[in-house]
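Below, all heavy atoms of this structure are taken into account, side chains as well, without hydrogens, waters or symmetry copies. If you read the sequence from its start, that first residue is 1, and numbering goes on from there.
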Amino acid sequence: DAAELDGDALRRALSAADRDVNDFVRDQARKPVEVLSWLGLEPGMTVLDVYAAGGYYTFILARAVGPEGHVYAHNTPRGLAYEEDRQDISQGEALRRKLERANITNVSHLIARIENLELPAESLDAVLVAQVLHDFYNPDPERALTILQQLYALLKPGGVVGITDHVGLPGNNNRELHRMEIQQAITVAEAAGFNVQQSDLLRNPRDDHRRSIFDPRLNRNTDRFLLRLQKPAAAQAR
């Protein structure tokens, strides 16, 4: 059996001097060690970080899966033209610098539209979709479904997709606010074939759900949902 995630060791790794301090200060709101523990991440796993951007979660995943594991950090060509989270991610420079500084060698950077990932079917143990499902769902729920079906096919039977996103309330313009309703995420995940569990780990009742997630008054401390999507152990690739 694979070893369980050592939360204390991961916390020590995330507070080391070789990590970007701007990422470190975000841990209080994002609770990455608790999130990965709840999702069931283990050393040695092969993991995909969907739209990794500047690599906040890529670094954490690389440390979590260890030298026997591997992380695919995914970005789109279009996404690399943006500045994300106050970091210049032009052509993946922020991500590359983070990995080089910490001498992380178990990461591959995939630059492609998510529909064009050249990964074998049933090759992944886990996928992380952190705070981007709303970008797919709000313009086109069918696209969100298609993407989750693609991730389903890439997962080994029993594999897991972790989804975190900003909570939107019914009746609000969640597309403009960069949020989505929890039930929308659950419904589309179940339609893709997953068994879904929900955690309140990242909920924040002090959030003002009428504000954009980028509103400086929120200081990035939004109310977030956390879902664990599991491909049935006896599932066949769709």
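Listed here is the closest heavy atom pair of A130 and Y57: CB-CD1, 4.1 Å. Nearest heavy atoms, D207 versus D223: OD2-N, 2.8 Å. When every heavy atom of E93 is checked against every heavy atom of R96, the shortest pair comes out as OE1-NH2, 2.6 Å. Considering every non-hydrogen atom in both N138 and M180, the closest pair reads OD1-CB, 4.3 Å. In terms of heavy-atom proximity, L5 sits nearest to S37 at CD2-OG, 3.6 Å.
Within 6.0 Å of the CZ atom in R210, the count of heavy atoms belonging to other residues, nucleotides or ligands does not exceed 12. Around atom CD of Q198, more than 12 heavy atoms belonging to other residues, nucleotides or ligands sit under 6.0 Å away. Applying the 6.0 Å contact sphere to CD of E176 captures no more than 12 heavy atoms from other residues, nucleotides or ligands.
Contact annotation: the side chain of I163 approaches that of L148 to within less than 4.5 Å [non-hydrogen atoms, C-beta and beyond]. Side-chain atoms of D6 and D8, non-hydrogen and from C-beta on, do get closer than 4.5 Å to each other. Residues F225 and H166 have side chains not in contact (no heavy-atom distance under 4.5 Å, counting atoms from C-beta outward). Counting heavy atoms from C-beta outward, Y152 and V127 have side chains that stay 4.5 Å or more apart. Between V167 and T222 the shortest side-chain heavy-atom distance does not fall below 4.5 Å.
A salt bridge does not link E100 to R97: none of the charged nitrogens lies less than 4.0 Å from a carboxylate oxygen. Using a 4.0 Å cut-off between charged side-chain N and carboxylate O, D23 and K98 make a salt bridge.
Side chain to side chain, Y56 and D27 meet the donor-acceptor criterion of an N or O pair below 3.5 Å. Counting only N and O atoms by type, the side chains of N174 and H134 include no donor and acceptor under 3.5 Å apart.
The CG atom of L95 sits 7.0 Å away from the CG atom of N75 when rounded to the nearest 0.5 Å. Here CG of L169 is found 5.0 Å from NE2 of H209. Values are rounded to the nearest 0.5 Å. Between atom CG of residue L227 and atom CG of residue L39 there is a gap of 9.5 Å, rounded to the nearest 0.5 Å. Going from atom CZ of R63 over to atom CG of D18 covers 5.0 Å, rounded to the nearest 0.5 Å.
The side chain to side chain donor-acceptor pair (under 3.5 Å) test applied to Q197 returns R228, not counting sequence neighbours. For E34, the side-chain contact (heavy atoms from CB on, under 4.5 Å) partners are R11, K31, L201, not counting sequence neighbours.
Residues L154 and L133 are members of one and the same hydrophobic cluster, defined by side-chain heavy-atom contacts under 4.5 angstrom among Ile, Leu, Val, Met, Phe, Trp and Tyr.
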